[in-house]
Visitor: 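Okay, here's the structure, questions in a sec.
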Number of protein chains: 4
Amino acid sequence: MDITKIPIKNRKDEHILLVSTENIESHDTTWLEYVKFVHNTLPEINMDDISLSSEFLGKKISSPIIIGAMTGGTELTKKINAKLAKAAQKYQIPMMVGSQRVILDHPETKDTFSIVRENAPDVPIVGNIGMAQIASSANFEYVNQIIENINADALAIHLNVIQEVIQPEGDKEFSGTIDKIRALKNQINIPLVIKETGCGISKEIARKFIKIGIDYIDVAGLGGTSWVAVEYFRAKKYNEESKMDLGKTFWDWGIPTAASILEVSSVIDNSSNTKIIGSGGIKNGMEIAKAIRIGAEHAAIAKQFLKVALEGQNSIEKFIEKLLRELRITMLLTGSKNVEDLKHAPIVISSLLKEWLEERKIDFNRY
Amino acid sequence: MDITKIPIKNRKDEHILLVSTENIESHDTTWLEYVKFVHNTLPEINMDDISLSSEFLGKKISSPIIIGAMTGGTELTKKINAKLAKAAQKYQIPMMVGSQRVILDHPETKDTFSIVRENAPDVPIVGNIGMAQIASSANFEYVNQIIENINADALAIHLNVIQEVIQPEGDKEFSGTIDKIRALKNQINIPLVIKETGCGISKEIARKFIKIGIDYIDVAGLGGTSWVAVEYFRAKKYNEESKMDLGKTFWDWGIPTAASILEVSSVIDNSSNTKIIGSGGIKNGMEIAKAIRIGAEHAAIAKQFLKVALEGQNSIEKFIEKLLRELRITMLLTGSKNVEDLKHAPIVISSLLKEWLEERKIDFNRY
Amino acid sequence: MDITKIPIKNRKDEHILLVSTENIESHDTTWLEYVKFVHNTLPEINMDDISLSSEFLGKKISSPIIIGAMTGGTELTKKINAKLAKAAQKYQIPMMVGSQRVILDHPETKDTFSIVRENAPDVPIVGNIGMAQIASSANFEYVNQIIENINADALAIHLNVIQEVIQPEGDKEFSGTIDKIRALKNQINIPLVIKETGCGISKEIARKFIKIGIDYIDVAGLGGTSWVAVEYFRAKKYNEESKMDLGKTFWDWGIPTAASILEVSSVIDNSSNTKIIGSGGIKNGMEIAKAIRIGAEHAAIAKQFLKVALEGQNSIEKFIEKLLRELRITMLLTGSKNVEDLKHAPIVISSLLKEWLEERKIDFNRY
Amino acid sequence: MDITKIPIKNRKDEHILLVSTENIESHDTTWLEYVKFVHNTLPEINMDDISLSSEFLGKKISSPIIIGAMTGGTELTKKINAKLAKAAQKYQIPMMVGSQRVILDHPETKDTFSIVRENAPDVPIVGNIGMAQIASSANFEYVNQIIENINADALAIHLNVIQEVIQPEGDKEFSGTIDKIRALKNQINIPLVIKETGCGISKEIARKFIKIGIDYIDVAGLGGTSWVAVEYFRAKKYNEESKMDLGKTFWDWGIPTAASILEVSSVIDNSSNTKIIGSGGIKNGMEIAKAIRIGAEHAAIAKQFLKVALEGQNSIEKFIEKLLRELRITMLLTGSKNVEDLKHAPIVISSLLKEWLEERKIDFNRY
């Protein structure tokens with residue numbers, strides 16, 4: 001069986017299967033464990049006074065949590081999307097959909113994404129298309145299809161250069177991408193999100209995105225799902241030895257999530273409107289708080305949401321409530337009345353992350 | 001069975017059961033292992049000349065060891081308190097009782113605490129009430145009951161914000177606590193101790209206590225009993241899944257004991273009369289010496305005393321003698337004739353604790 | 001059986017046997033794991049535009065990979081050399097042969113080396129002779145035999161002082177070696193390579209080689225095959241207890257490969273023509289890229305090539321293709337269009353390697 | 001059986017039994033592993049030109065190795081002493097005897113020490129008496145007995161304050177010891193050695209010894225035999241629980257050997273004649289070289305010599321030859337023609353030892 005011949009629709013289901021059943025985590029961590037809050041024994045606030053709410057894409061949201069980009073394109077993924085969207089609506093939290101490229105060639109899959117907007121009419125929904133699609137297009141007319149498909153509040157372009165290059169059939173041309181992104185940015189009327197897919201974004205590259213006015217940078221750093229690992233398991237299934245070799249070598253390639261948030265944060269100044277979404281291996285509400293403390297505006301979680309979505313509606317809701325409770329408690333224990341306060345809670349940065357900041361000449365205020 | 005319906009009297013016994021039988025230690029340590037004394041091969045003192053004695057709350061004590069706050073309120077805890085008090089009296093070391101709140105609603109439990117004063121008429125005894133009680137009271141008349149109950153030499157207010165917030169039935173209002181503490185301070189005639197319960201106290205918060213003239217700050221840092229862990233095991237018993245989740249996330253929240261002593265110590269200057277009690281996971285006399293070396297005036301031990309108290313009077317006495325021997329030997333091996341000398345014995349601070357001091361801009365003199 | 005009586009021809013086969021079957025790796029690593037590339041999510045280049053090609057010894061080569069010095073002298077090694085040479089010719093990558101000293105006493109072994117040139121007529125081939133041979137020779141006439149044997153493009157002198165000194169029968173005289181090397185350098189018309197054999201080269205010693213105009217320094221640092229370990233297993237076989245003891249003590253002697261490349265690199269300035277070959281435990285294309293990033297011009301691999309050569313021609317070719325793919329992908333993921341770009345890709349140096357640079361006052365630009 | 005009633009003669013045998021059969025090593029290491037020589041690939045010397053010889057106590061010795069202080073007082077220890085002395089004489093290396101106090105009360109044990117001089121007439125022999133004996137004596141007439149017993153070239157006073165204080169029957173008076181040592185120093189005509197017994201010596205204390213003109217400081221740091229551990233096993237044997245507790249608490253008390261050598265070395269300047277003997281857990285010739293590199297003049301080994309002495313004369317000689325070979329090879333691999341050169345060989349100091357030097361403000365030249 002030739003791996004390149006599997007229709008993309010089934011590959012989506014295959015991904016979900018692998019992510020759910022195999023150990024596709026990177027061996028390296030997010031490095032969020034090297035960010036430690038300093039306990040505040042006298043918070044001087046009441047739990048009920050803590051406010052998690054803010055705005056995202058012009059809509060009020062209940063908390064800085066985003067259901068991360070995941071899936072779409074098949075019957076199975078439609079069900080997952082529907083369930084997650086219902087929860088997003090109920091808890092008023094934003095949601096990103098998985099790559100919508102499939103709807104361009106297979107319009108019959110549109111409903112696997114539009115189900116999200118049907119179930120979540122009032123929250124910000126972010127559309128999603130891969131850089132490869134943008135890079136290979138002469139014009140961006142199709143983007144309107146993507147946006148209209150879910151009545152998107154913003155569009156995310158996901159960058160997955162490593163996944164492309166370790167797949168024999170993947171795209172290998174990346175020249176001129178920043179020009180393409182700039183052109184697209186000028187053509188659409190909704191905000192643009194640039195997101196990595198597990199390798200993080202450096203300050204050098206973030207500067208380029210800030211310069212062309214990208215609205216959100218979603219770092220998607222190392223420490224959660226390794227798409228190289230996913231490809232390794234696919235290669236193993238089809239006995240593709242050389243791809244397996246690449247999988248092993250590049251399994252842990254990337255910038256750990258905490259380092260990447262600090263990288264991008266270090267080049268955002270007052271004159272820029274770019275904001276950070278922290279993501280990549282975030283597992284609980286305390287880690288969401290850490291991501292925000294070191295520079296993120298919102299934190300996105302994908303893998304954990306996929307896991308609970310496969311269990312059922314009730315599991316999704318319990319998981320969201322757990323995240324909210326953990327985030328709220330972390331805020332209370334650091335004396336943070338709101339997200340703005342949280343950004344100034346005292347922390348200690350240690351070990352590898354401290355060393356990274358020194359090596360990269362990133363100055364970060366711990367107070 | 002609904003956990004909130006268990007009468008508080010039995011919850012005390014339940015705590016003792018859990019602390020004695022389950023692994024309720026934090027996974028993180030006290031970081032006292034990162035404080036290393038420099039051996040003095042030529043102490044130039046005689047063992048018999050070493051003096052451990054000092055004063056505490058206006059009474060002479062034999063050594064800077066305190067039997068930490070533990071329990072009270074039930075028949076079992078009365079027996080424990082009696083035994084510990086007998087030893088306190090015999091060895092002339094101070095003792096703190098557990099939270100006395102129970103006597104306000106259940107006056108019949110008063111003798112479970114007053115037994116301490118009966119058995120230890122001559123040593124300093126510290127009363128104990130939770131912050132939640134103070135915070136929710138319009139006036140502090142009841143405090144006299146607490147003090148009279150044991151003829152207390154001082155009153156400790158314990159802060160356990162994390163335990164409150166992870167319990168659904170716990171207090172969630174912390175606004176105005178410092179004002180309440182100030183008001184209480186002004187109203188009572190005995191010294192006031194502020195104590196944490198396993199998460200430590202930061203320099204920022206210590207400054208507030210120093211400013212209002214708190215007499216003793218008992219850091220009770222991370223590294224010993226994790227009350228979050230205790231709540232986890234209670235939740236497990238009653239199958240409360242969401243509380244179990246919180247337990248796992250916050251199990252190791254807090255400032256390690258060594259870091260917390262150094263934090264508080266760094267903001268005490270000559271103009272303030274506030275003193276430090278080092279506690280949280282301290283296990284032997286060498287660790288008591290370390291706590292003193294880095295800034296504590298006294299060191300309190302609770303869990304280890306509970307353990308020996310459950311074994312019997314003889315075990316308590318053997319344990320105290322062991323602590324005294326270890327402390328005395330550590331003093332001799334560092335050439336310290338008395339507690340004042342010990343505070344200037346050469347030490348080396350390494351690893352995570354060194355990094356913490358750097359990150360928190362805490363300047364500590366190793367000589 | 002007396003180990004000194006085994007004819008050198010068979011010792012070559014014995015080496016190959018040991019290297020293939022025993023764990024003869026050093027316990028210490030290359031420290032290349034402490035060099036981490038910063039992911040470039042927006043490389044702005046196409047895979048096809050990446051150029052690995054450069055020149056070596058006046059000949060164009062396809063990539064900065066060298067098949068490292070290995071073997072020769074027996075029928076088995078002749079077959080290995082033939083296979084590796086065929087691959088070198090096919091992929092246009094250079095090759096170093098193993099020590100040719102044996103041909104001086106046993107001219108009948110010449111074809112075990114000349115087979116390399118026969119099978120690789122167009123690529124740079126490096127001859128190889130041990131320092132001991134140079135040191136003990138009054139004149140260097142025999143060197144012409146060595147060069148002519150394979151029509152060498154350069155001659156490598158390998159330094160294996162540790163292997164000599166732990167063998168009772170080894171050379172023990174090293175005085176005047178630099179003068180001998182200088183004399184040899186002046187007498188031959190082809191470039192001279194100085195290579196270690198697993199213990200690395202320090203900056204102090206590199207300065208001496210640079211001063212006399214050595215063309216290439218092949219660091220061959222610690223982290224791959226430990227020849228001390230090989231001698232340990234030989235000693236074990238012949239039950240030579242005292243040599244086994246030395247083997248255990250010196251098993252991990254040397255400068256880790258990454259540290260050694262940085263050492264030598266730090267003393268090469270614009271005025272010197274000396275270039276670095278990075279080698280010692282390098283296992284894949286990403287590590288080749290790291291070696292180049294920190295100062296090497298080329299990277300040599302021996303042990304891994306021996307392993308695949310014993311498997312067959314197909315394995316060698318698959319291995320080379322894997323290395324090229326990994327190197328090319330690493331270059332793409334760091335936005336490096338060519339080897340020159342790769343030398344300026346952002347990296348982070350951590351842990352023991354960072355400490356080594358500080359201790360040795362080596363200033364290295366991470367940008 | 002009361003441990004204090006065992007005659008001291010048999011306690012010596014008991015010590016040997018415990019040291020040979022139980023795991024009485026400290027858990028902490030010597031930290032010599034944090035001293036790493038930088039390999040010299042081009043030593044420019046011949047093995048035969050390397051000179052290990054120097055002088056000690058006015059006599060020529062073959063190498064900077066000393067057979068450390070061990071034992072005496074019983075028939076078993078007499079045999080051990082005889083064997084070690086024969087080897088000392090054969091290889092012309094110095095030897096220290098174990099504590100000779102026993103001969104003062106039991107003159108019949110004199111031959112268990114004098115056998116050393118009989119078998120080693122030409123090498124420096126160091127006598128040995130405990131500080132406790134010196135401290136409790138009104139005059140030092142008995143010292144002549146100690147010196148004459150073995151015709152000692154120097155006298156060592158061993159300090160074992162920790163061993164004394166954890167034994168109920170041990171000496172507990174240390175006041176005035178420096179005055180006693182000064183008085184003794186003024187009274188005897190042979191050089192005085194001050195030696196620790198496994199806890200190392202700090203720079204503060206070393207300064208005192210230097211000031212009164214002590215000839216040699218033998219650091220005997222942490223990392224080898226823990227005498228606290230030995231006492232633990234004795235206590236275990238006689239079921240002395242409280243001493244066992246102390247044993248566990250103080251098992252790893254002390255300054256690691258490498259740190260202690262650097263401590264003492266840092267306070268020796270040109271005006272002082274005091275020299276350092278490095279000891280405490282040294283296991284091979286490479287570690288001897290490290291001890292010398294960081295400041296020791298000689299290195300002493302006790303435990304390893306005891307082990308081989310119990311095996312037989314041949315084992316002792318093989319062990320000495322191994323040490324000499326390892327030391328000589330290390331010197332060659334660092335380009336050191338003699339012990340003076342070795343003191344300037346490039347090294348790298350890392351990890352805990354580097355941190356210790358920083359914390360203790362010890363400036364050490366790595367070049």
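Residue numbering restarts at 1 for every chain, and letters A, B, ... go by the order of the sequence lines.
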Visitor: Tell me whether D/Asp269 at atom CG has more than 12 heavy atoms from other residues, nucleotides or ligands lying less than 6.0 Å away.
Guide: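 Atom CG in D/Asp269 is packed in, count exceeds 12.
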Visitor: For atom NZ of C/Lys354, is the number of surrounding heavy atoms from other residues, nucleotides or ligands below 6.0 Å larger than 12?
Guide: yes
Visitor: Among C/Glu241, C/Glu358, C/Glu263, single out the residue with the greatest number of heavy-atom pairs under 4.5 Å to chain D.
Guide: C/Glu241
Visitor: List the atom of C/Gly200, the atom of D/Thr41, and the distance in Å for their closest heavy-atom pair.
Guide: O-CB, 4.2 Å
Visitor: Does C/Glu359 reach the main-chain N or O of D/Ser350 with its side chain, forming a donor-acceptor pair under 3.5 Å?
Guide: no
Visitor: Chain C contacts: which residues in residues 286-297 of chain D have a non-hydrogen atom closer than 4.5 Å to it?
Guide: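 Result: D/Met286.
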Visitor: Relative to chain D, which segment of C/Lys361 carries a heavy atom at a distance below 4.5 Å: side chain, backbone, both, or neither?
Guide: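 Contact with chain D involves both backbone and side-chain atoms of C/Lys361.
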Visitor: Check whether C/Lys203 gets within reach of chain D through its side chain, its backbone, both or neither, counting any heavy atom under 4.5 Å.
Guide: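 Contact with chain D: side chain only.
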Visitor: Between the side chain of D/Glu44 and the main-chain N/O of C/Ser175, is any donor-acceptor distance below 3.5 Å?
Guide: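 Pair absent, no side-chain N/O of D/Glu44 close to backbone of C/Ser175.
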Visitor: Check whether any side-chain heavy atom of C/Trp356 lies under 4.5 Å from a side-chain heavy atom of D/Val38, and answer yes or no.
Guide: yes
Visitor: Might you confirm whether atom NZ of D/Lys337 has over 12 heavy atoms from other residues, nucleotides or ligands at distances under 6.0 Å?
Guide: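 Open: at most 12 neighbouring heavy atoms sit under 6.0 Å from NZ of D/Lys337.
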Visitor: So for C/Leu222, is it side chain, backbone, both, or neither that comes closer than 4.5 Å to the heavy atoms of chain D?
Guide: side chain
Visitor: Just do the side-chain contact (heavy atoms from CB on, under 4.5 Å) check on C/Lys172 and D/Asp48 with the steps written out, would you?
Guide: CA-CA 8 Å; C/Lys172 299 287 183 296; D/Asp48 287 348; 5.7 Å; no
Visitor: Can you pull out the residues in residues 311-333 of chain D with any heavy atom less than 4.5 Å from chain C?
Guide: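 At a heavy-atom separation under 4.5 Å, chain C is reached by D/Lys318, D/Lys322, D/Arg325, D/Glu326, D/Ile329, D/Thr330, D/Leu332, D/Leu333.
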Visitor: Measure C/Ile162 against the heavy atoms of chain D and call it side chain, backbone, both or neither at under 4.5 Å.
Guide: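 Both the backbone and the side chain of C/Ile162 come within 4.5 Å of chain D.
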Visitor: A quick test of your reading: do over 12 heavy atoms of other residues, nucleotides or ligands sit less than 6.0 Å from NZ of D/Lys343?
Guide: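 Result for NZ/D/Lys343: enclosed.
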Visitor: Measure the shortest side-chain to side-chain distance between D/Lys36 and C/Asp28 over non-hydrogen atoms and say whether it is less than 4.5 angstrom.
Guide: yes
Visitor: If you count heavy-atom pairs under 4.5 Å with chain D, which of C/Asp171, C/Leu159, C/Thr177, C/Asn160 comes out on top?
Guide: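 Most heavy-atom pairs within the cutoff with chain D belong to C/Thr177.
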Visitor: Atom NE2 of residue position D/His27 - does it have more than 12 heavy atoms of other residues, nucleotides or ligands inside 6.0 Å?
Guide: yes
Visitor: Between D/His39 and C/Ile205, does a side-chain contact (heavy atoms from CB on, under 4.5 Å) hold up when you go through it step by step?
Guide: CA-CA 9 Å; D/His39 174 61; C/Ile205 304 306; over 6 Å; no
Visitor: Taking side chain as everything from C-beta outward and backbone as N, CA, C, O, which of these in D/Lys283 sits under 4.5 Å from a heavy atom of chain C? Side chain, backbone, both or neither.
Guide: neither
Visitor: For the CG atom on C/Asn186, are there more than 12 heavy atoms of other groups (residues, nucleotides or ligands in this structure) within a distance under 6.0 Å?
Guide: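 Correct, the count exceeds 12.
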Visitor: Can you give me the closest heavy-atom contact between C/Val161 and D/Asn40, atom names plus distance?
Guide: CG1-O, 4.2 Å
